[in-house]
**Q** 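Got a structure for you, questions after.
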Number of protein chains: 2
Amino acid sequence: MTSTLTTPDYRACMTCAGFNLRKANRAISQFYDEVFRPLGIRGTQYSLLVAVKLTAPVLLTQLADYAQMDRTTLTRNMELLVNQGLLTVSAGKDKRTRNVNITADGVELLELAYPLWQQAQAKISAGMGAERLAHFLADLSALVDVSQHS
Amino acid sequence: MTSTLTTPDYRACMTCAGFNLRKANRAISQFYDEVFRPLGIRGTQYSLLVAVKLTAPVLLTQLADYAQMDRTTLTRNMELLVNQGLLTVSAGKDKRTRNVNITADGVELLELAYPLWQQAQAKISAGMGAERLAHFLADLSALVDVSQHS
DNA sequence: GCTTAATAGGAGTATATACACATAAAAGGA
DNA sequence: TCCTTTTATGTGTATATACTCCTATTAAGC
């Protein structure tokens with residue numbers, strides 16, 4: 001008999017990697033958003049500011065590769081930070097390209113945000129255990145690889 | 001000296017649980033969206049249909065608890081499936097409540113989608129190893145607990 | 001040099017997500 | 001019964017995300 005003749009056991013979907021990853025992503029994103037709320041930024045925005053700080057001056061597409069984020073998503077996310085004066089986007093030599101930089105205000109904000117991030121990371125590390133957290137991060141990376149080579 | 005006098009080492013943020021979880025979430029969501037694209041639904045929508053199938057008839061807030069999703073997010077996500085005739089939302093005895101159900105079309109679609117999900121899950125399980133995947137899911141759950149009790 | 005490819009980016013649209021605020025109905029207490 | 005509180009839900013708004021289609025510019029072949 002073929003699988004189309006059997007009734008699916010949908011309870012198996014409780015172990016779906018996508019479902020559980022999205023669930024955790026929602027919880028963790030809310031956690032980090034709350035951490036950074038006193039500074040008026042979200043977790044995503046902190047990560048983006050850090051990425052620019054570490055790579056600037058950087059082209060839009062290079063930054064998207066670095067953060068493994070869709071180029072158009074990055075554009076929309078950066079727009080908010082540009083409007084707040086935390087990032088700048090300027091034309092490069094190649095007239096097609098855009099250079100992304102972090103402003104003095106952006107760096108100043110990052111210096112306030114970093115201790116908050118450290119505390120948050122410390123809570124997670126303490127709660128899970130440092131070794132388990134390290135394994136978890138490696139598993140996340142492996143999962144990304146598997147999903148992109150299937 | 002206090003931490004405010006030292007220059008932050010932003011490279012440490014490459015181990016940020018939030019950053020890496022969001023990154024993996026983007027990759028995995030794209031993977032599942034591609035899996036279900038032939039059927040015209042997204043990974044999130046498959047998960048939601050399964051959740052309703054497993055719990056129907058169910059109240060909106062109960063379903064939100066089950067999926068650990070914000071109630072208003074659920075409302076918006078369901079709206080799309082209701083418009084496609086895959087779910088129904090009807091008034092309950094208590095005039096405040098809404099009963100969520102899956103339609104015959106919804107069940108029919110699920111039966112086509114389930115084998116696709118099985119194949120996707122098998123790919124991930126084979127790529128990571130079943131045992132590592134099981135540990136990973138447990139870690140995700142632990143992370144959610146830590147983030148919600150901090 | 002001219003034509004064609006590849007590259008960098010933007011805009012339109014759609015879904016996923018959740019916070020703040022508002023409303024209606026049920027439950028509980030005096 | 002009436003007042004207060006709790007509960008269930010909807011709406012407005014904002015961010016995060018990515019796909020499709022489009023334009024401008026550069027690089028590559030001939």
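Chain naming here is simple, since letters A, B, ... match the order of the sequence lines and numbering starts at 1 in each.
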**Q** Assigning hydrophobic clusters by single linkage (Ile, Leu, Val, Met, Phe, Trp, Tyr; side-chain heavy-atom cutoff under 4.5 Å), is A:Ile28 placed with A:Leu116?
**A** yes
**Q** Syn or anti for C:dA18? Use the chi torsion, O4'-C1'-N9-C4 for purines and O4'-C1'-N1-C2 for pyrimidines, with syn inside 90° of 0.
**A** anti
**Q** Applying ring pair (Phe, Tyr, Trp, His ring centres under 6.0 Å) as the test, list every pair that has at least one member in residues 47-88 of chain B; sequence neighbours left out.
**A** none
**Q** Mind running a 4.0 Å heavy-atom check of residues 20-34 of chain A against DNA chain D and sending the residues that fall below it, in number order?
**A** none
**Q** Below 4.0 angstrom, which residues in residues 37-68 of chain B have at least one non-hydrogen atom near DNA chain C?
**A** B:Arg42, B:Thr44, B:Gln45
**Q** Would you mind reporting whether A:Leu63 and A:Leu48 have side-chain heavy atoms less than 4.5 Å apart?
**A** yes
**Q** Can you list every ring pair (Phe, Tyr, Trp, His ring centres under 6.0 Å) pair that touches residues 10-44 of chain A, not counting sequence neighbours?
**A** A:Tyr10-B:Tyr114, A:Phe36-A:Tyr46
**Q** Check for me, please, whether B:Leu80 and B:Ile41 land in the same ILVMFWY cluster - side-chain distances under 4.5 Å, paths through other members count.
**A** no
**Q** Going from CZ on A:Arg26 to CG on B:Leu21, what distance comes out if it is rounded to the nearest 0.5 angstrom?
**A** 11.0 Å
**Q** So B:Asn20 and B:Lys23, do their side chains get closer than 4.5 Å, heavy atoms only?
**A** yes
**Q** Output the distance between atom CG (A:Leu133) and atom OG (A:Ser125), rounded to the nearest 0.5 Å.
**A** 5.5 Å
**Q** Is the shortest heavy-atom distance from the side chain of B:Val52 to the side chain of B:Leu87 under 4.5 Å?
**A** yes
**Q** Less than 3.5 Å apart, any donor N or O on the side chain of B:Asp70 or B:Thr72 sitting next to an acceptor on the other?
**A** yes
**Q** Which of residues 69-79 of chain B sit near DNA chain D, with a heavy atom under 4.0 Å from it?
**A** B:Arg71, B:Thr72, B:Thr75, B:Arg76
**Q** Go through the side-chain N and O atoms of B:Ser29 and A:Arg22 and say whether any donor and acceptor fall under 3.5 Å apart.
**A** no
**Q** Please name the nucleotide paired to D:dT26 by Watson-Crick or G-U wobble geometry with both distances under 3.5 Å, or report none.
**A** none
**Q** Rounded to the nearest 0.5 Å, what's the gap from CG on A:Leu109 to CD on A:Gln45? Could you check?
**A** 9.5 Å
**Q** Both distances under 3.5 Å, Watson-Crick or G-U wobble: report the partner of C:dA5, or none.
**A** none
**Q** Looking at side-chain heavy atoms only, is the closest gap between A:Asn77 and A:Met69 below 4.5 Å?
**A** yes
**Q** Return the residues of residues 90-102 of chain A meeting this criterion: a heavy atom under 4.0 Å from some atom of DNA chain C. Order them by number, or give none.
**A** A:Arg96, A:Thr97, A:Arg98
